[in-house]
Every structure is written in C-alpha cells, then in structure tokens.
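I have placed the structure first, in the form of structure tokens, so that the comments after it can refer back to it.
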Amino acid sequence: MENNKNKKKIIPIIISMIILIMAILLIPYSRSLIITRGYKAINKGDSVLLKDSISFIVPSGKSTPRKDWFPQMIWYHDAGGFSKYMQKNLDMTVLYSFGDFNSPIGTSTYYDDASPYYGAFYGGYAIKNMDEPSEAFGFDSEGFIISEDVEKLPLYDQKYLVLPALGCPQGNRVFITEENKITEDVFYAGYDGWTLVESQIYTNGPAHKFKRFNPGYFQYGMPLKPSEGKKDFQPERFYGRMYIRYFDTYEMTFCLYVMCRDMDALEACERELLSKTVITKN
C-alpha cells in the first residue's frame with residue numbers, strides 16, 4: 001500500500017521534470033547553451049590538448065559587460081578532415097564563439113546582417129603534426145611563416161565546416177583572402193614571438209531563408225533571411241586578424257583569430273578577450 005502511495009507521488013514529479021526539460025529545450029538560447037556545452041565536452045575529450053595536459057583558455061563573451069559574444073567558448077576536434085585537406089597527419093582543435101542571441105527566444109546576431117557581429121567568429125586553433133611533432137605547422141625550417149598554409153586554416157573552417165552546417169550549397173561557398181599584412185615578433189597574450197597576419201577576406205555571410213533544418217541551427221538558432229535586395233549566403237568583405245606561434249615546449253602551433261565585418265567589434269574582441277588567452281601546461 002505504501003509503495004502505491006510513493007508511486008503516485010513520484011509519477012507527477014517525473015512528468016513535471018520531463019515537461020520542464022522539454023520547455024527548456026524549446027527555448028532557442030537555453031537549447032544552444034545546453035547543446036554546445038555537451039558538444040564541447042565530447043570534443044575536448046578527443047583533443048590532443050587534453051592528452052598532452054595543455055590548458056588552452058580563450059575567454060568567452062561572459063567576460064565582458066556587454067551582450068556581444070556568446071557566453072561560451074565551444075570546442076571542435078577535427079577528426080581527420082584537415083589532415084586530408086593538408087595531406088599531413090595533423091591533429092587540430094578549434095575553439096570558437098559567435099555573436100550572442102538577440103533574446104532568449106530569438107536567434108544569434110551571427111545571422112543579423114545589420115549587426116556588428118554578423119558572420120563574426122573569434123577563438124583559437126591548436127595544431128600538432130602527429131608524425132613529426134617538431135615540424136611546426138605554418139612555419140618553414142627557418143621559422144618564417146608559410147602564408148599559404150595559414151590561409152588554409154580559416155578557409156577550411158569556413159568552407160568545409162561552418163557553411164555546410166548551415167546548408168550553403170557547395171558551389172556557392174567562397175573564401176578569398178584579398179590582402180595580407182604580416183608583422184613578425186609581436187608580443188601578445190603574455191608571450192613574445194607571435195606573427196600577426198592582418199587580412200581582408202571575401203566570404204559568405206550566413207543570412208539565409210529557412211528551407212529545411214540544418215545542424216548549425218542547434219547552436220546559432222534559426223536563421224534570419226537577408227536584408228531586402230540581398231541573396232542567401234551573399235559574400236561580403238570581412239576583416240581578419242590572426243596571431244600564430246609555434247610553442248617548442250608543447251610541440252604545437254597555436255593561432256588566435258577574430259573575423260568581423262565591423263572593425264570596432266574586431267578591435268574590442270582582440271583587446272578585451274583574445275589578448276587574455278592562457279596557454280599553459282596543467
């Protein structure tokens with residue numbers, strides 16, 4: 001008899017919990033936070049960073065007083081795709097964040113072509129040559145940067161990871177580096193010896209009309225259609241900055257990057273977030 005009473009009490013609690021979880025997952029912002037947190041944990045576990053006990057911390061948008069960037073730094077461990085693209089056995093982990101949501105039930109400003117954070121990303125790459133760890137990705141034997149290799153990092157990321165997840169047709173994907181300025185031996189994020197690459201990039205904006213559900217919607221929310229007169233995934237010019245350095249101690253190349261259409265947003269990110277990156281041995 002007592003067992004029946006307990007069951008009657010437990011069943012409504014379970015039902016209430018299920019309803020609460022479903023309600024949370026139906027809210028785009030909370031759904032994104034939950035899914036990206038789980039996605040980060042899975043990918044972090046696969047990364048050579050964890051295996052080598054290296055801490056790579058790029059501050060997220062929750063570090064600023066403004067509602068600018070998503071309040072979580074997401075991890076993606078590339079399972080061989082970049083290795084095939086570069087024809088080398090490379091382990092690559094990508095850290096990234098994008099424009100914050102415009103409201104809990106809205107969508108990311110990443111889609112909003114009137115926002116400073118339209119199409120914008122920032123974060124980091126950690127790359128290790130698994131066959132020849134002492135061979136620095138992005139640098140030649142004299143320690144000079146190999147521009148072609150460095151340019152392939154964001155190109156691969158945008159054309160083969162980001163845009164396909166949003167449903168952008170392969171034939172429409174564009175990524176052209178139009179201008180590069182290289183500055184060597186820069187002090188940044190607590191270290192000397194970074195090489196700074198400043199670029200102008202012509203690539204697809206993410207605004208597009210919804211046609212079918214795509215995997216990228218789990219993290220960015222549902223898409224916003226382009227402003228009047230613009231096409232889906234219309235290419236635009238962005239500014240890009242990347243700091244790249246090979247760490248002999250870790251036998252790994254680290255890149256810190258930001259890509260924005262708005263120069264003020266880019267410089268604020270670079271100053272307030274990217275520059276406070278921590279790379280250390282656990």
Legend entry - side-chain hydrogen bond (donor to acceptor under 3.5 Å, both in side chains), paired with Tyr125, selected from Thr93, Asp78, Asp157: Asp157
Legend entry - Sidechain-backbone polar pair: Asn43 side chain, His77 backbone, donor-acceptor under 3.5 Å: yes
Inset, instruction - Given side chain to side chain contact (heavy atoms under 4.5 Å, CB included), test Leu196 with Ile182 step by step and report yes or no. - result: CA-CA 6 Å; Leu196 169 61; Ile182 297 174; over 6 Å; no
Legend entry - Asn214 side-chain N/O to Gly216 backbone N/O, donor-acceptor pair under 3.5 Å: no
Inset, instruction - Can you measure from CG (Asp185) to CZ (Arg245) and round to the nearest 0.5 angstrom? - result: 9.5 Å
Inset, instruction - List, by chain and number, the other hydrophobic cluster members for Tyr202, where Ile, Leu, Val, Met, Phe, Trp and Tyr join if side-chain heavy atoms come within less than 4.5 Å, directly or indirectly. - result: Val174, Ile176
Inset, instruction - State, with a plain yes or no, whether a side-chain heavy atom of Val150 is found less than 4.5 Å away from one of Met242. - result: yes
Inset, instruction - Return yes if some donor-acceptor pair links the side-chain N/O of Asp113 with the main-chain N/O of Ser227 below 3.5 Å, else return no. - result: yes
Legend entry - Close side-chain approach of Pro71 to Asp100, heavy-atom, < 4.5 Å: yes
Inset, instruction - Verify whether one side chain among Glu198 and Tyr239 offers a donor that lies under 3.5 Å from an acceptor in the other. - result: no
Inset, instruction - Considering only NZ, NE, NH1 and NH2 on the basic side and carboxylate oxygens on the acidic side, decide whether Asp52 and Lys128 come within less than 4.0 Å. - result: yes
Legend entry - Chi angles and distances behind the side-chain hydrogen bond (donor to acceptor under 3.5 Å, both in side chains) call for Gln72, Thr36: CA-CA 8 Å; Gln72 188 159 272; Thr36 53; 2.7 Å; yes
Legend entry - Test side chain to side chain contact (heavy atoms under 4.5 Å, CB included) applied to Tyr217 and Thr107, step by step: CA-CA 9 Å; Tyr217 300 165; Thr107 195; over 6 Å; no
Inset, instruction - Give the minimum heavy-atom separation between Met259 and Ile201, together with the two atoms involved. - result: SD-CD1, 4.1 Å
Legend entry - Any Glu132 side-chain heavy atom under 4.5 Å of Asn89 side chain: no
Inset, instruction - Report yes if the distance between the aromatic ring centroids of Tyr122 and Tyr117 is under 6.0 Å, otherwise no. - result: no
Legend entry - Min side-chain heavy-atom separation Trp69-Ser60 under 4.5 Å: no
Legend entry - Interatomic spacing from NZ in Lys62 to CG in Asp68 - rounded to 0.5 Å: 13.5 Å
Legend entry - Salt bridge present between Arg241 and Glu267 (N-O < 4.0 angstrom): yes
Legend entry - Heavy-atom check, side chain of Lys181 versus side chain of Val197, under 4.5 Å: no
Inset, instruction - Name all residues meeting the ring-ring contact (aromatic ring centres under 6.0 Å, His included) criterion together with Tyr96; count only those two or more places apart in sequence or in a different chain, and write none if there are none. - result: none
Legend entry - Backbone of Lys88 reached by a side-chain donor or acceptor of Ser83 within 3.5 Å: yes
Legend entry - Pair Thr203-Gln158, side-chain donor/acceptor within less than 3.5 Å: yes
Legend entry - Within the 6.0 Å centroid threshold, strictly below: Phe254 and Phe247: yes
Inset, instruction - Without swapping roles, check the side chain of Tyr250 against the backbone of Lys281 for a donor-acceptor pair under 3.5 Å. - result: yes
Inset, instruction - List the steps, then state whether side chain to side chain contact (heavy atoms under 4.5 Å, CB included) holds for Leu273 with Ser275. - result: CA-CA 6 Å; Leu273 296 169; Ser275 66; over 6 Å; no
Inset, instruction - Report the hydrophobic cluster partners of Ile57, with the cluster defined as I, L, V, M, F, W, Y residues connected by side-chain heavy atoms closer than 4.5 angstrom, directly or transitively. - result: Val278
Inset, instruction - Answer whether the closest heavy-atom distance between the side chains of Met86 and Phe137 falls below 4.5 Å. - result: yes
Legend entry - Lys51 atom NZ, neighbour heavy-atom count above 12 within 6.0 Å: yes
Inset, instruction - Determine yes or no for a side-chain-to-main-chain donor-acceptor pair under 3.5 angstrom, with Thr109 supplying the side chain and Asp112 the backbone. - result: no
Inset, instruction - Of all the heavy-atom pairs spanning Met222 and Tyr111, show the shortest one and how long it is. - result: O-CE1, 3.2 Å
Inset, instruction - Check whether any side-chain heavy atom of Asp232 lies under 4.5 Å from a side-chain heavy atom of Pro226, and answer yes or no. - result: yes
Legend entry - ILVMFWY network linking Leu153 to Val94, side-chain heavy atoms under 4.5 angstrom: yes
Inset, instruction - With rounding to the nearest 0.5 Å, note down the distance linking CD in Glu272 to OG in Ser63. - result: 10.0 Å
Legend entry - Minimum heavy-atom distance between Ala120 and Cys260, given as atom pair plus value: CB-SG, 3.6 Å
Inset, instruction - Scan side-chain atoms only and decide if Asn129 and Glu251 contain a donor-acceptor pair under the 3.5 Å cut-off. - result: no
Inset, instruction - Would you check if the side chain of Arg261 reaches a backbone N or O of Phe238 as a donor-acceptor pair within less than 3.5 Å? - result: no
Inset, instruction - Answer yes if the side chains of Asp262 and Tyr118 hold a donor-acceptor pair under 3.5 Å, and no otherwise. - result: no
Inset, instruction - Name all residues meeting the ring-ring contact (aromatic ring centres under 6.0 Å, His included) criterion together with Tyr220; count only those two or more places apart in sequence or in a different chain, and write none if there are none. - result: Phe98, Tyr110
Inset, instruction - Starting at CG of Leu95, measure out to CG of Leu256 and round the result to the nearest 0.5 Å. - result: 9.5 Å
Inset, instruction - Write down the atom of Thr277, the atom of Phe56, and the distance for their closest heavy-atom approach. - result: CG2-CE1, 3.7 Å
Legend entry - Listed once per pair and sorted, the ring-ring contact (aromatic ring centres under 6.0 Å, His included) pairs that draw on residues 140-182, sequence neighbours left out: Phe82-Tyr156, Tyr85-Tyr156, Tyr85-Tyr160, Tyr156-Tyr160
Inset, instruction - Return the minimal non-hydrogen interatomic distance between Leu90 and Met130, and the atom names on each side. - result: C-CG, 4.4 Å
Inset, instruction - Answer yes or no: are there more than 12 heavy-atom neighbours, outside Lys211 itself, under 6.0 Å from its atom NZ? - result: no
Legend entry - Lys209 NZ to Lys225 NZ distance, which is reported to the nearest 0.5 Å: 8.0 Å
Inset, instruction - I would like to know whether Glu178 and Arg237 meet side chain to side chain contact (heavy atoms under 4.5 Å, CB included); could you show each step before the answer? - result: CA-CA 9 Å; Glu178 297 185 321; Arg237 282 173 177 80; 3.0 Å; yes
Legend entry - Distance (rounded to the nearest 0.5 Å) between Met92 CE and Tyr76 OH: 7.0 Å
Legend entry - Qualifying residues under salt bridge (charged side-chain N to carboxylate O under 4.0 Å, His left out), relative to Lys276, sequence neighbours excluded: none
Legend entry - Minimum heavy-atom distance between Gly229 and Gln234, given as atom pair plus value: O-OE1, 4.4 Å
Inset, instruction - Step through the shown structure and confirm whether more than 12 heavy atoms of other residues, nucleotides or ligands are within 6.0 Å of NZ on Lys230. - result: yes
Legend entry - Phe187 and Tyr191 aromatic centres sub-6.0 Å: no
